[in-house]
Structures are given as structure tokens and as C-alpha cells.
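These notes concern the structure reproduced below.
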Protein chains: 2
Amino acid sequence: MAEDVLDERTRQTLFAVVESYINKLEPVGSRFVTKRYSFGFSSATIRNIMADLEEYGFLSQPHISAGRVPTDKGYRFYVDSIFDKGVGSPLISDSDTDKDLSVGQDEAIFEFLCQFTRNFARKLRGMKNDTNKMFFEVTNTLSSMSNYISIAIPPKTEHTTLNRIDFIKHKEDKAVAILLTNEGIVKNKMLKVDSRLTQEDLNRIAEYLNSEYSGYTIDEIKRVLFKRIKQEKMMWDDLISKAIKIYEQAMSFAGEDIFISGIYDVMNLPDFSDISKLKEVAGAIKDKHLMLRFLNELLNAKGVQVLIGRENSDRQLKNLSIVASTYKEGDRPIGVIALIGPTRMHYSKAIYMVDTIAKCISKTFEQ
Amino acid sequence: MAEDVLDERTRQTLFAVVESYINKLEPVGSRFVTKRYSFGFSSATIRNIMADLEEYGFLSQPHISAGRVPTDKGYRFYVDSIFDKGVGSPLISDSDTDKDLSVGQDEAIFEFLCQFTRNFARKLRGMKNDTNKMFFEVTNTLSSMSNYISIAIPPKTEHTTLNRIDFIKHKEDKAVAILLTNEGIVKNKMLKVDSRLTQEDLNRIAEYLNSEYSGYTIDEIKRVLFKRIKQEKMMWDDLISKAIKIYEQAMSFAGEDIFISGIYDVMNLPDFSDISKLKEVAGAIKDKHLMLRFLNELLNAKGVQVLIGRENSDRQLKNLSIVASTYKEGDRPIGVIALIGPTRMHYSKAIYMVDTIAKCISKTFEQ
DNA sequence: ATTAGCACTTCAATCATGAGAGTGCTAAAG
DNA sequence: CTTTAGCACTCTCATGATTGAAGTGCTAAT
């Protein structure tokens with residue numbers, strides 16, 4: 001049942017109520033709708049429609065004499081409508097822009113956004129070699145523009161290939177591994193090694209790994225190395241054995257990275273004027289590990305995804321919405337960026353921003 | 001004038017009022033003081049004393065019929081008293097522990113803290129080679145134990161000496177510089193180099209730098225290199241010239257690091273139940289650059305320092321207090337850790353924690 | 001010098017009141 | 001049969017008055 005059954009004017013009303021609520025942040029009444037939107041019906045008619053919508057579960061009332069507030073289901077309808085109308089324009093609706101903006105101004109805004117996007121893409125390209133810097137920039141931009149919390153997961157290592165690995169002897173039993181990946185990212189790690197290994201030994205090991213395995217993904221290499229261990233258990237030559245040990249250490253980066261930004265920005269939202277609600281958000285993102293697992297699940301889907309309130313599998317997010325998108329290298333999604341905000345979110349803005357910036361990132365990884 | 005003039009019982013009263021306020025978070029009245037502390041005076045006498053203290057500027061009243069609240073000057077007196085009594089014990093006062101704790105319990109707590117400290121020191125030692133991890137751990141521990149915001153500045157590069165530098169050719173005009181310091185810290189950076197340089201060239205440059213300059217501080221090397229440029233302007237050999245260019249790039253790390261943690265924890269404090277106050281804190285630490293400069297000024301002083309409210313040079317911190325300490329390598333202070341909280345802070349706890357953890361860090365850098 | 005006692009001030013909580021907003025329902029109009 | 005005007009009803013929110021509690025300052029007595 002439900003939204004397929006709704007007739008045109010009911011759909012219009014629902015959309016209007018959600019849109020109004022997102023902008024006003026106050027329950028919207030029938031009179032407000034009739035005044036603001038000229039549907040050609042009186043407030044009494046709208047009242048009846050709204051009563052129906054409440055019955056269907058799209059709207060609810062904080063108390064009997066207040067206006068209506070969207071439920072998660074109501075937001076879902078609204079977001080789906082936005083997608084039906086087509087993502088890609090920041091000017092769909094739901095922004096605070098008044099209807100009396102001249103078309104000329106719309107175009108000016110559009111032009112501005114295009115330019116911003118170009119600049120931002122260029123900026124990212126300049127940071128291509130420094131993932132940290134790049135995603136720091138991404139999350140900062142996203143959160144300060146949207147006032148929501150932004151999260152980014154840098155490219156998954158399972159898709160990165162080894163470009164080159166080197167080892168440098170430090171002192172006694174310490175050595176540093178330096179890893180170059182196809183994305184131009186550098187990682188390093190301090191290793192504990194047999195103290196009898198000289199720099200020459202390390203060089204030979206590195207040479208071996210580079211010649212045999214460069215070009216493969218990091219996981220592939222791990223698999224192949226493991227296979228070797230089993231196959232040649234009794235007869236590994238010393239070099240391979242050492243290489244395996246060292247490689248294992250070098251690849252076990254402690255926990256994946258995740259970038260989060262915007263706790264400050266989110267304090268400006270009226271939705272979080274109550275500190276207990278702010279704590280809710282803070283609690284949700286505090287557990288980075290959980291957040292990481294959560295966003296990783298979104299890696300499979302394509303395009304922008306919106307999860308509203310209780311749609312989130314995580315209980316802690318039941319009062320929050322997430323707008324997420326993958327970014328890709330070629331056709332393969334390699335990471336996720338997302339915005340987290342109240343269920344009462346400026347969805348069209350958020351969707352537009354996440355979509356745009358994800359595309360900027362993808363462009364950086366392309367070629 | 002002022003505190004030197006105060007007689008014993010006035011001092012006692014002031015101390016009692018501050019201590020009580022820190023625990024109650026409510027203005028404290030004369031009756032409360034007489035009940036809680038058995039000075040042997042009636043509330044009327046205390047009232048008179050408190051009126052004097054207000055006149056001297058140590059206390060103030062929110063409104064005429066409320067109890068007294070310490071001013072910054074009052075806190076200053078209190079903190080100085082704590083230092084006079086001697087830092088080092090976590091049990092001085094000002095904690096919520098009731099007076100009727102048996103001595104046995106005190107000892108149990110003391111024993112627990114000693115053990116915690118030993119464990120923590122061991123933990124840090126295990127992270128010696130990973131500054132990031134180490135200071136991440138430090139700030140997290142500090143903030144979650146204190147519920148205040150913790151900040152740490154990792155060892156200043158001006159005191160680190162070059163242990164070894166290496167360059168690895170990446171592709172075209174890119175190369176990676178890997179830097180090992182005396183503290184066992186590794187930094188890397190992507191460089192733009194003349195695309196005609198081969199890996200062999202880079203090796204020669206690295207070899208040159210290592211043989212000539214390892215053991216010097218990073219700043220010293222910079223100075224010496226600059227001198228060379230001037231002296232031998234017309235006759236540098238190609239190697240030195242290239243080395244200088246590359247070294248310059250490699251050393252210009254974008255912005256110093258700073259570790260901040262505890263925005264979540266601080267939300268649990270009643271002092272920040274009002275979101276506008278929380279914003280104040282957030283604003284103060286948002287500008288990491290400013291915070292960095294601020295804490296760097298504290299590098300000169302030794303031991304634990306406390307800055308209360310308006311004592312802070314920064315206007316944004318006028319309602320906050322900072323408890324900071326340097327940590328050292330040998331005798332030389334190389335970095336700072338600090339706690340930021342409301343002026344109504346559990347100073348003795350904060351001081352004890354900062355002191356203890358700073359010592360743990362110092363121990364890690366000694367050898 | 002200290003203290004008991006009292007008048008005074010202020011805040012915070014409670015309650016009643018009325019205006020305002022919005023609804024649901026009914027009966028009339030199209 | 002659909003739409004609308006009208007009205008009674010409900011609930012919230014801001015306002016103002018009242019009251020009790022907490023705490024002070026001052027004075028007079030010890």
C-alpha cells in the first residue's frame with residue numbers, strides 16, 4: 001500500500017509539508033501550506049489530506065493542536081521524489097531560497113557552483129600524493145559547507161596495488177618499510193627484524209618483492225605469499241622466508257583510517273541546540289571502528305545513497321540521516337564519503353554536495 | 001597587597017569556599033562552610049570573612065542573596081596553595097572523595113595509581129617508534145580520565161637530529177623522501193624533482209647528506225646549507241646544489257602536528273550543559289594553529305603550569321583554564337601536553353594527571 | 001571579637017490565565 | 001459526491017502573581 005496509492009494532490013501536499021518542515025523546523029499546519037503553495041484548495045481540504053497522510057504513516061503530530069511533522073517514511077517519500085526529479089541540480093527545492101528569486105540569480109548561483117567545483121577538483125588533484133591532506137580537505141570542505149558531520153574513507157587497500165617497497169635499516173633490530181602504491185600514496189612502518197640483517201640483506205629482500213610482486217594488489221600478494229608458505233614448507237629458501245615475515249609486518253597497518261570532521265559545525269544547527277542530542281551524534285561517531293564497518297557496507301552500491309533515521313541498521317543512528325556516495329577508480333568503487341545530520345536534513349543540498357565531491361575525488365583517481 | 005595580608009583563618013575560609021565550589025558547582029554560602037568544615041566559628045563570622053574576601057577580589061556573588069563564587073584571583077590563590085602543599089599526590093583534596101574515606105582506602109587508591117602509571121609508561125615505550133600512535137594514546141587517555149580536553153604537541157623538530165635520510169624515485173618527476181630522526185620517528189614526503197634524476201643520483205645525494213650532516217639538528221642543517229649557498233654561490237658543484245633543493249623541500253612539513261582529544265568527554269561536564277559554552281570551547285580549540293603557538297610559549301617554563309581564565313593571553317580562553325606541562329628529553333623540554341577545562345576545574349586532579357603523564361613521556365624519550 | 005537574630009533581597013518553582021495556533025467535525029454550498 | 005466555511009475544542013507558550021527557600025548585611029547582645 002501507501003505511496004503508489006496516493007493521488008497527485010496528496011503527493012504534492014506531502015512534499016510541501018516535508019519541504020516546509022525542513023525549512024521552518026516547526027510543525028507545519030494546513031493554513032501554512034495553503035498560503036505558501038497555491039494548490040487551489042482551501043485549508044480544510046488540506047487538513048483532510050493531512051489527516052489521511054497521518055493515517056498512512058507519513059506524518060505525525062507532536063501534540064493534537066500542533067501542525068504535522070514528517071516521519072521517517074515521510075522523509076523517505078520526499079527523498080525518493082528528489083531522486084525521481086533528478087539529482088545533479090542544487091536548485092531543486094528545499095533550500096531557503098524564496099520563490100521570488102529571479103531566474104538570473106539562479107543562473108548566477110549555478111555558475112558559482114560550477115566554478116567552485118572546478119576549483120575544488122583542481123585543488124584535490126594537487127594533493128593526489130598525500131591522502132591524508134586530501135581527505136582532510138574533503139571532510140573539512142564538506143562539513144563546513146553543509147554544517148553536517150562529514151566522514152570519508154580513504155581508498156581501500158584491497159584495491160591498491162604495490163608499486164614499490166623498500167626497507168631501510170634503522171638501528172639494531174629496527175627497520176622502516178616504505179610502501180608506494182599505484183595511487184601514489186606512501187605509507188611507512190617501523191618493523192622489528194632479525195638484528196643480523198644488514199642493509200644489503202634488506203635491499204635484496206625488497207628487490208625480490210619488487211620484481212616478483214609489484215603490480216599486484218596488496219591482498220593478492222598476501223595470498224600468494226601464504227600459498228608459498230604451504231607449498232614449499234620444507235624448502236623455502238631463506239630469502240623468501242624472510243621476505244614473507246617482513247612483508248606481513250609491513251602490511252598490517254593498525255586499523256584502517258577514517259576521516260571525520262564537523263562536530264564544531266553541527267553545533268550551529270538548531271536541531272542540536274539541546275546538548276543531549278548533540279551527545280547522541282557524538283556518541284554515534286565516536287566509535288570510529290563501528291562507523292568504518294558501517295560505511296564499508298555502502299561500498300557495493302553505486303551513486304548516492306540516503307539512509308533515514310531508523311533505516312540505519314545501527315541503533316545509535318536512529319535519529320540521524322546519512323547521505324553517502326562511493327568514489328571510484330575507473331569503474332571500481334574504492335571508498336566512501338558521507339554526511340551525517342539530523343533526519344530533518346536539507347536533503348537536496350546534501351545529496352548535491354556529496355555527489356559533486358565524490359565525483360571530484362573520482363576524477364582525481366582516474367587515468 | 002592581598003594574599004600576603006590574609007590571616008590564617010581567612011586563608012582557610014577562602015580555600016574552603018573554592019574547594020566547595022569546585023565540588024558543588026553551586027555558589028557556596030557561609031552556612032555551608034561552617035557545616036562542612038569545623039573551623040570553630042559561626043556562620044556570621046564566616047560571613048564577615050567572606051565579605052572581606054569579596055572586597056579583596058577573591059570571591060564574587062552572582063546576585064545579592066546567593067552564596068559566593070571564586071574569581072580567577074580566587075582560583076589562583078587556591079592553585080598556589082596546592083603547589084605550596086606539594087604536587088605529586090593525587091589525594092590532596094578537591095576530589096569528590098569524602099573525608100570519611102579510611103586511610104586504607106587512600107592507600108589502595110594510591111597503589112592503583114602507581115600501577116596504572118607503570119603500565120602506561122610501558123605502553124608508551126612500546127609505541128616509541130610511532131609518534132602518531134603514541135600521542136594519540138596520550139591525548140585519549142588524558143581526556144577520558146579527566147573529562148577535559150587534552151592537547152599534546154609532539155617533539156619539536158628544532159631539537160630533533162637527522163639520523164638518516166633517503167630518497168626513492170617514484171615516477172617521472174616524483175620522489176619520496178624518508179626521514180629518520182634520533183627519536184626514532186619516521187616522516188616521509190613526496191617531492192617534485194628534476195625528472196632527469198635517476199635513482200642512482202638520488203642515492204648519491206642521500207649519501208652526501210647522510211655523511212655530512214647526520215647527527216645535526218634539522219634546523220642546523222638548514223642553516224649550514226644556506227651558508228654554503230652564499231659562500232660558494234658561483235662554484236657549487238652540482239651535487240650540493242641539488243641536495244640543497246631537495247632537502248629544503250623534504251624539510252618543509254606543512255604545519256606542525258598537534259593532537260587534540262576530548263570534545264566528546266567534555267560534553268559530560270555540567271559546566272558545558274549550555275551549548276553556547278560548549279561552542280566557546282570548541283571555538284578555542286578549533287584553530288589548531290593558534291593553539292599550537294599558544295602552547296609553544298609554554299615550552300620555556302619547567303614543571304606544571306596553570307593558567308586560569310583571563311590569565312590566558314588569548315581572549316577566547318578567558319572562561320577556561322589550562323593545566324600544562326612540558327616533557328623532556330634529558331634536560332631539554334621538547335614538547336607540551338595540556339588539559340583545557342572550565343575555570344572551575346578539579347585542579348589537583350588535573351595537575352596530578354598532567355604531571356604524571358608528562359613524566360611518562362619523558363621517560364620514553366630517555367635512554 | 002564573636003555571635004544570635006532579624007529584616008531584606010533575590011531566585012526558582014508553582015500556578016492560573018489568556019492568547020494563539022491548529023485540529024476535527026458538521027453542515028452547507030457547488 | 002466533493003469542497004469549503006465555520007465553530008468548538010485542545011494544546012502550547014508566554015505572562016504575571018505568589019510563595020518558600022537560601023543567603024546576605026546589619027545591629028545589638030554576649
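The sequence lines fix the lettering, A, B, ..., with proteins before strands; numbering per chain opens at 1. For the numbers below, each heavy atom of this structure counts, side chains included, while hydrogens, waters and symmetry mates do not.
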| query | Mapping A:Lys24 and A:Asn48 onto DNA chain C by nearest heavy atom, which one lands closer to the 5' end? | reply | A:Lys24
| query | Pick the nucleotide of DNA chain C nearest each of B:Thr45 and B:Pro62; which residue has the one closer to the 5' end? | reply | B:Thr45
Looking only at N and O atoms, is any donor in the side chain of [X] or the base of [N] less than 3.5 Å from an acceptor on the other one?
X	N	answer
B:Arg68	D:dG25	no
A:Arg31	C:dG20	no
B:Ser65	C:dT10	yes

| query | If you measure from CE on B:Met345 to OG on B:Ser146, what distance do you get to the nearest 0.5 Å? | reply | 7.0 Å
Round to the nearest Å and state the distance from [X] atom [atom1] to [N] atom [atom2].
X	N	atom1	atom2	answer
A:Ile49	D:dT2	CD1	P	13 Å
A:Asp7	D:dT2	CG	P	11 Å
A:Phe32	C:dG20	CZ	C1'	16 Å
A:Phe39	D:dT3	CZ	C1'	16 Å
B:Arg36	D:dG23	CZ	P	14 Å
B:Arg47	C:dT3	CZ	P	11 Å
A:Glu55	C:dC25	CD	P	11 Å
A:Ile46	C:dG24	CD1	C1'	16 Å

Looking at [options], which one has an atom nearest to any side-chain atom of [X]?
X	options	answer
B:Met50	C:dG24, D:dT4, D:dT24	D:dT24
B:Ser42	C:dA4, C:dC25, D:dG25	C:dA4
B:Phe41	D:dT3, C:dT3, C:dG24	C:dT3
A:Gln61	D:dT3, D:dC11, C:dG24	C:dG24
B:His63	D:dC11, C:dG24, C:dT10	C:dT10

| query | Under the criterion salt bridge (charged side-chain N to carboxylate O under 4.0 Å, His left out), which of B:Arg76, B:Lys73, B:Lys318 is the partner of B:Glu311? | reply | B:Arg76
| message | Go through it in stages, so that I can follow the logic: the residues are A:Asp7 and A:Arg11, the test is salt bridge (charged side-chain N to carboxylate O under 4.0 Å, His left out), and I'd like the CA-CA distance, side-chain angles, deciding distance and then a yes or no. | response | CA-CA 6 Å; A:Asp7 59 11; A:Arg11 300 165 69 93; over 6 Å; no
| task | Please name the pair of heavy atoms, one in A:Thr34 and one in A:Phe41, separated by the smallest distance, quoted to 0.1 Å. | result | CG2-O, 3.5 Å
| note | On a heavy-atom basis, the closest approach of B:Ser43 and B:Ser30 is O-CB, 3.6 Å
| Taking only side-chain nitrogens and oxygens of A:Ser30, does any of them come within less than 4.0 Å of OP1 or OP2 of C:dG22? | no
| request: Look at the side-chain N and O atoms of A:Arg9 and state whether any lies under 4.0 Å from the OP1 or OP2 oxygen of D:dT3. | output: yes
